[in-house]
Structures are given as structure tokens and as C-alpha cells.
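Take a look at the structure set out below.
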Amino acid sequence: MTTRIILFAALAAATLAAACRTDRSAVEGTGTIEVVEVDIAPLTPARVLKVWRVEGDTVRAGDTLVSLTQSTVAAEVDARGARVASAEAQWRDLVAGARPAEIARAESELRAAESEATRTKQDLARVTALVQSGSVSAQQADAATNAATAANSRREALTEALRLLKEGARPERVSAARAEVQSARAALAAAEQTASDLVLTSPVTGVVLLRNVEPGEVIGAGVSAMTIGELAHPYVRIYVNQTLLPGVQLGASAEGVLDGMLDRPFTGSVVAINNKAEFTPRVALTDEERADLMFGVKVAFRDSTHLLKPGLPITVRINTASRP
């Protein structure tokens with residue numbers, strides 16, 4: 001009887017001690033650090049000229065990673081640049097109108113035509129008077145009439161030509177020339193953008209995880225040339241039992257510690273909770289099966305030291321008492 005009482009007392013004491021060690025204000029789990037991986041790929045097929053980084057290098061946003069080339073890009077840029085220059089020259093010529101020397105020549109031709117029209121008119125008047133007296137033939141009179149008519153027509157044509165020369169090109173032609181300039185500039189911008197796309201730069205600050213190409217290789221459009229890991233925003237996925245999940249809230253604060261740095265916690269927060277359980281049968285009926293229900297929880301960290309590298313195991317403690 002005494003032995004039974006002692007065993008009962010010892011069991012009660014052990015149970016009480018275990019209960020005291022249970023922390024209901026936090027949920028712990030262990031996972032592996034992950035980072036957002038960005039694949040750097042060209043938009044068009046090209047040949048690799050130079051790879052500027054190796055695996056493990058730290059890069060900043062905008063750093064050059066890979067230089068590519070295409071055989072026709074430089075020639076196409078030059079051709080479209082020449083087309084822009086030609087279109088702009090034509091447009092400026094239409095806007096500027098006639099040169100002063102051209103207008104002066106047209107005015108001189110008009111004065112000569114006016115003088116000729118005046119002379120033929122006077123000749124026609126004299127011939128007409130002589131026809132009435134019978135001094136000239138009808139044939140000579142017809143010739144004088146035709147000469148006067150031709151001189152008047154030429155004077156009118158030169159007058160209209162001078163007017164059009166001073167007015168300049170029609171608005172429709174100027175608009176068409178302006179549109180041609182815009183089209184040529186757009187084509188040049190497209191060619192220059194294609195040339196710019198042959199220089200692959202990093203869109204984020206991070207570390208080179210994979211170097212997938214070497215100089216001289218031909219790479220297709222959309223094929224990853226390099227993979228960058230964004231170390232500034234690491235995260236980890238842990239799995240929480242369904243009995244503890246109600247205490248985990250989106251936005252709840254969390255801390256993570258690495259195996260070799262237990263005295264230096266990293267601050268984070270819960271950013272996602274899976275809607276479906278994992279590692280469980282479709283229908284959980286027994287107590288044992290319900291205990292196997294696990295839900296994935298994503299915890300994101302803020303790390304400016306870049307110590308949280310991909311693949312490192314980390315122990316996470318989620319504060320269930322905090323609320324977002």
C-alpha cells in the first residue's frame with residue numbers, strides 16, 4: 001500500500017512538472033529557410049558573350065549579370081536610325097516651305113510673264129486695227145490672238161504657282177510627314193530596346209543561386225541564364241497541429257533561431273496559413289488520426305544581415321497571445 005502511494009505521488013509530481021513546462025502562449029516548429037527565387041532569362045534567342053557573376057556572389061538591383069548578342073541587332077538599329085533622319089528631314093522641309101531663292105525666281109518668272117502678256121496684248125490691239133483697214137491678213141490676226149492668249153495663260157499659271165509656293169505644303173502632307181517621323185522613331189526605339197534587352201540585369205538585391213550558362217552558348221527565349229535569391233525577405237514553412245492552429249493568427253509575431261546562433265533571434269510574422277490540412281487521411285475519424293492533422297504556416301522574416309541563407313534549418317516560435 002505504501003509503495004502504491006509513493007508511485008502515485010511520483011506520477012502526480014511528474015505530470016505537474018510536465019504541465020508547468022508546457023507553454024500555451026507560443027507554438028514552436030522547425031523548418032528550412034527559403035527565399036524568393038528570380039530566374040533571369042532573355043526575351044529573344046541570343047548568344048552569350050560574357051557572364052559577369054558566379055554562384056554565391058551578392059548582387060544589387062540593376063547590376064549586370066549576363067551580356068548577350070545577336071548578329072542583326074546593330075545593323076537594324078543603324079537602319080532604323082537612318083530612317084528617322086530621313087523622315088525628320090522631309091518633315092522639316094515641308095514645314096519650312098520654299099526657300100527665299102525659289103520664291104525670288106518664281107517672282108522673276110512672273111514679272112517676265114506679265115511683261116510678255118502686256119506686249120502680246122498691245123500687238124493684238126495693233127493687228128486688230130490693221131485688220132479693219134485690210135493691211136494684215138486674217139492669219140496674222142489669229143497668230144497675234146493666240147500669242148496674247150498663251151501669254152495670259154502663262155501669267156496666270158505663274159501667279160498661282162507663286163501663291164502656292166508662298167503658302168507652303170498642304171496641312172495633310174505635313175501631318176503625314178509628322179506621322180512618318182513618329183513611326184520611324186517608334187521603330188528605332190523598338191530596335192534599341194531589343195539591343196538593351198540583350199544585357200540581363202538583376203531586378204532585385206540578392207545572391208546568385210545558379211549560373212546556368214557560359215560564354216559562347218546560345219540560349220533560347222525564356223530560358224533561365226541565372227537564378228537570383230532575394231535574401232532580404234527569407235521565409236520558412238512550419239507545420240502546426242490542428243489542436244494548436246486556432247491560436248495562430250495572420251500577422252502574429254514570431255521569432256526564429258538558427259542552430260548555431262541560439263542567442264540571436266530573428267524577428268518575423270505569420271503571413272500565410274494553409275486552408276487545407278496535410279499529412280492526413282481524407283477523413284479523420286479516430287483521435288489518433290485527428291492528431292495527425294497538420295496545417296502549413298508561412299513565417300516571413302526581416303533580415304538585413306543576410307544570415308538567413310536558403311537551406312538552413314531554423315526553429316520558429318509563434319506568439320499565439322499576440323494579435324495582428
**Request:** Could you tell me whether Arg185 and Glu88 make a salt bridge, using a distance below 4.0 angstrom between a side-chain N and a carboxylate O?
**Result:** yes
**Asked** Can you tell if the side chain of Pro215 reaches within under 4.5 Å of the side chain of Val51, non-hydrogen atoms only?
**Response** yes
**Message:** Applying side-chain contact (heavy atoms from CB on, under 4.5 Å) to Thr194 and Gln70, what does each step give before you reach the verdict?
**Reply:** CA-CA 10 Å; Thr194 299; Gln70 288 180 340; 4.1 Å; yes
**Asked** Is there a side-chain contact between Asn241 and Met294 (heavy atoms, below 4.5 Å)?
**Response** yes
**Message:** We want to know whether Glu156 and Asn152 form a side-chain donor-acceptor pair, criterion being a heavy-atom distance below 3.5 angstrom.
**Reply:** no
**Request:** Please answer whether the main-chain N or O of Ala187 pairs with a side-chain N or O of Arg80 as donor and acceptor at a distance below 3.5 Å.
**Result:** yes
**Pair Arg154 + Glu109, salt bridge at N-O below 4.0 Å** = no
**Request:** Establish, from distance only, whether the side-chain atoms of Ser71 and Arg47 form a donor-acceptor pair under 3.5 Å.
**Result:** no
**Asked** Is Met226 reachable from Val223 through a run of hydrophobic residues whose side-chain heavy atoms are each under 4.5 Å from the next?
**Response** yes
**Distance in Å, Glu230 CD paired with Thr205 OG1, rounded so as to fall on 0.5 Å steps** = 8.0 Å
**Prompt:** Between Thr159 (side chain) and Arg155 (backbone), is there a donor-acceptor pair under 3.5 Å?
**Reply:** yes
**Request:** Treating Ile, Leu, Val, Met, Phe, Trp and Tyr as nodes and any side-chain heavy-atom pair under 4.5 angstrom as an edge, say whether Phe301 and Leu312 lie in one connected cluster.
**Result:** yes
**Asked** Can you name the one residue among Val316, Val248, Asn319 that meets side chain to side chain contact (heavy atoms under 4.5 Å, CB included) with Val27?
**Response** Val248
**Request:** Step through the shown structure and confirm whether more than 12 heavy atoms of other residues, nucleotides or ligands are within 6.0 Å of CD on Glu214.
**Result:** yes
**Lys/Arg-Asp/Glu bridge criterion (N-O < 4.0 Å) met for Arg111, Glu114** = no
**Request:** Kindly say whether Glu116 contributes a backbone atom to a donor-acceptor pair with the side chain of Thr120 at under 3.5 angstrom?
**Result:** yes
**Message:** Between Val207 and Phe266, is there shared hydrophobic-cluster membership here, with clusters defined by ILVMFWY side-chain heavy atoms closer than 4.5 Å?
**Reply:** no
**Prompt:** So if you build clusters from Ile, Leu, Val, Met, Phe, Trp, Tyr with side-chain heavy-atom gaps below 4.5 Å, do Val271 and Ile33 land together?
**Reply:** no
**Asked** Can you tell me if Asp303 uses its side chain to pair, donor with acceptor, with the backbone of Thr305 under 3.5 Å?
**Response** yes
**Asked** So, does Arg211 use its side chain to make a donor-acceptor pair with the main chain of Arg53 at under 3.5 Å?
**Response** yes
**Validation row: Pro42, Asp197 side chains within 4.5 angstrom (heavy atoms)** = no
